[in-house]
Number of protein chains: 2
Amino acid sequence: MKKLSRHTICTEKKCFSAETIRRLSLYLRNLRRFKESKVEIVSSGEISKCSNVSPEQFRRDLSYFGEFGKRGVGYEIERLISELESILGIDRRWRVALVGVGSLGRALLAFEGFSKFNLKIACAFDIDSNKIGKKIYGVKIHSVENLAEVIKANDIEIAIITTLPDVAQQVADKLMGAGIKGILNFAPIALRTSDDVFISNVDMACELESLIFFVDQRRIDKKRRTGKKSEV
Amino acid sequence: MKKLSRHTICTEKKCFSAETIRRLSLYLRNLRRFKESKVEIVSSGEISKCSNVSPEQFRRDLSYFGEFGKRGVGYEIERLISELESILGIDRRWRVALVGVGSLGRALLAFEGFSKFNLKIACAFDIDSNKIGKKIYGVKIHSVENLAEVIKANDIEIAIITTLPDVAQQVADKLMGAGIKGILNFAPIALRTSDDVFISNVDMACELESLIFFVDQRRIDKKRRTGKKSEV
DNA sequence: TAGAGCTTGTGAAAGGATGAACAAAGTGAA
DNA sequence: TTCACTTTGTTCATCCTTTCACAAGCTCTA
């Protein structure tokens with residue numbers, strides 16, 4: 001199984017990690033904001049500041065894919081945006097499937113931001129017969145039973161799982177059987193997948209728990225510093 | 001600014017990263033699943049397998065906080081669960097605030113899984129006067145104007161941002177002013193925060209774009225392997 | 001053209017995280 | 001008790017990522 005978070009890719013230039021790609025995505029977003037403000041040239045210092053990385057990090061991340069800046073000047077925003085879009089693969093349209101039309105699934109169907117990176121939820125699946133056949137935010141809900149055929153007919157390669165954790169593995173297996181090559185998983189469970197399928201987990205629980213840990217830690221530290229050395 | 005994803009903490013034992021804490025959260029979840037299946041003892045091999053990490057990784061992660069296993073035997077699940085809950089700080093109740101009751105915010109209000117880690121959304125905020133004063137899924141919606149006073153009155157330290165990116169920074173500033181110490185940010189923007197506030201970003205866009213990159217890459221590789229060496 | 005003043009791209013060093021390997025410690029059978 | 005077997009906790013070596021530092025290259029002015 002490939003864990004995207006630890007996955008590394010080697011090009012003819014060097015090896016870079018999945019983390020690099022996530023940062024590229026972040027840079028792209030900030031570049032678009034600059035563009036909206038009619039800025040045309042930006043330096044690595046400026047773009048890295050609003051992305052919370054060092055300028056060197058930014059320059060190195062780009063260096064894996066080519067040379068996009070002008071020494072002594074900076075980066076032409078228009079060009080860098082289209083280069084990044086091309087690198088990330090969002091310069092063409094992607095159609096994705098969504099499985100599990102619960103409250104989170106519904107929220108994603110309503111999310112307009114997807115179009116920003118050329119992405120369209122082409123179809124959705126659920127087991128609830130009350131939902132099947134209906135359209136929600138313009139997306140048709142199919143029965144999970146027809147998953148494989150609908151996905152193949154629509155030539156879809158990427159899917160989003162927003163089911164309950166109990167059935168997430170089962171759904172993932174079905175998706176892989178239908179030829180899906182990338183899964184964005186919102187179910188709080190570590191999915192087992194075959195080697196040629198990429199998984200990206202969006203795990204609110206992990207994020208929240210680690211947040212709680214750090215807030216809690218800070219409180220403990222504070223207590224210790226103020227002298228109440230009761231127990232550690 | 002502290003980036004949670006890169007933040008490191010030093011105890012009297014050693015230094016560990018925020019990644020370690022995320023994994024602890026994952027272990028905890030899997031341990032609970034084992035417990036539901038009435039398993040009582042588990043080895044590092046078993047627990048690490050379903051968490052997609054190596055057994056050594058699992059043992060090392062625990063070693064930062066103490067010795068919880070028995071050599072030659074394994075880990076007593078019941079005990080390890082309560083130890084992890086204590087380490088993560090979820091052995092006591094946390095009340096959080098949510099800002100931005102859009103479709104995603106609403107989905108989070110409906111999410112029952114929060115209670116699993118002793119977390120309750122105590123209040124929510126929005127600017128829409130149609131929502132203010134109402135209760136959604138049992139949570140009262142306040143005006144953002146009263147944010148500081150409501151948060152202070154409820155003694156809340158953690159907040160979730162589910163607003164549009166345009167106003168997210170503004171909301172974050174208000175939250176910090178009200179004494180919030182941890183923010184779970186769903187808005188696709190890198191927030192600027194003061195040093196003593198922890199930020200954890202749940203960034204669907206980054207995850208999706210990196211997923212697209214890898215799926216796309218795989219397709220390019222495939223094309224290259226099959227001989228069509230047109231362009232790289 | 002020459003030179004000062006930027007900013008990029010990248011080797012080299014430093015710093016962290018992961019993996020291999022093994023001592024320490026528990027179990028159970030003879 | 002002794003011995004074979006199992007599994008943990010930890011040291012040491014390796015690998016990967018980030019930071020440092022600087023040469024290369026562009027612009028503008030005189």
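Scope of the values below: all heavy atoms of this structure, side chains included, with no hydrogens, waters or symmetry mates. A note on names: the letters A, B, ... follow the listed sequences, proteins ahead of strands, and every chain is numbered from 1.
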*Whole-Å distance separating the CD1 atom of B:Ile41 from the C1' atom of D:dT7*: 12 Å
*With a 3.5 Å cut-off and just heavy-atom distances, do the side chain of B:Arg60 and the base of D:dT11 make a donor-acceptor pair?*
yes
*D:dT10 phosphate, OP1 or OP2: any side-chain N/O from B:Tyr64 under 4.0 angstrom?*
no
*Is the distance from OP1 or OP2 of D:dT18 to the nearest side-chain N or O of A:Arg59 less than 4.0 Å?*
no
*Is B:Ser54 near enough to C:dG19 that one of its side-chain N or O atoms lies under 4.0 angstrom from OP1 or OP2?*
yes
_Nearest-Å distance for atom pair CG/P, residues B:Asp61 and D:dG9_ = 12 Å
*N/O (side chain, A:Ser17) to phosphate O (OP1/OP2, D:dC16) under 4.0 Å*: no
*Less than 6.0 Å separating the ring centroids of A:Tyr75 and A:Phe34?*
no
_5' precedence on DNA chain C between A:Glu56 and B:Gln57 (nearest-nucleotide basis)_ = A:Glu56
*Using a cut-off of less than 4.0 Å, is there contact between a side-chain N or O of A:Tyr75 and OP1 or OP2 of C:dG9?*
yes
*What is the distance, rounded to the nearest whole Å, between atom CZ of A:Phe58 and atom P of D:dT18?*
15 Å
*Taking only N and O in the side chain of A:Ser44, is any of them less than 4.0 Å away from OP1 or OP2 of C:dT7?*
no
*Measure from CD1 on A:Ile21 to P on D:dC16 and round the result to the nearest Å.*
17 Å
*asked:* Taking the minimum atom-to-atom distance to the side chain of A:Arg71, which one of D:dC20, C:dT7, C:dT27 wins?
replied: C:dT7
_If you define the side chain from C-beta out and look only at heavy atoms, does anything of A:Arg23 sit under 4.5 Å from A:Val53?_
yes
*Hey, does the side chain of A:Ser63 come within less than 4.0 Å of C:dG9's phosphate (OP1/OP2), counting only N and O?*
no
*asked:* I'd like to know if A:Lys181 pairs up with B:Asp216 as an ion pair, taking the criterion as any Lys NZ or Arg NE/NH1/NH2 lying under 4.0 Å from an Asp or Glu carboxylate oxygen.
replied: no
*What nucleotide among D:dC26, D:dT11, C:dG26 has an atom nearest to a side-chain atom of A:Val73?*
D:dC26
*Of the nucleotides D:dC26, D:dT8, D:dC12, which one has an atom closest to the side chain of A:Lys70?*
D:dC26
*Which one of A:Phe68, A:Phe58, A:Phe65 satisfies the ring pair (Phe, Tyr, Trp, His ring centres under 6.0 Å) criterion with A:Tyr27?*
A:Phe58
*Send over the distance from A:Ile77 CD1 to C:dT8 P, rounded to a whole Å.*
12 Å
*In whole angstrom, give the distance that lies between atom CG of A:Asn52 and atom C1' of D:dT19.*
17 Å
*At under 4.0 Å between heavy atoms, what does B:Phe68 touch on the DNA or RNA strands: base, sugar-phosphate, or nothing?*
sugar-phosphate
*Return the value, rounded to whole Å, for the distance between atom OH of A:Tyr27 and atom C1' of C:dT8.*
15 Å
*Which heavy atom in A:Ser200 sits nearest to a heavy atom in B:Leu211, and how many Å separate them?*
CB-CD1, 4.1 Å
*Is it true that A:Glu36 and A:Arg32 make a salt bridge, defined as a side-chain N closer than 4.0 Å to a carboxylate O?*
no
*To the nearest angstrom, how far is B:Leu62 atom CG from D:dT10 atom P?*
11 Å
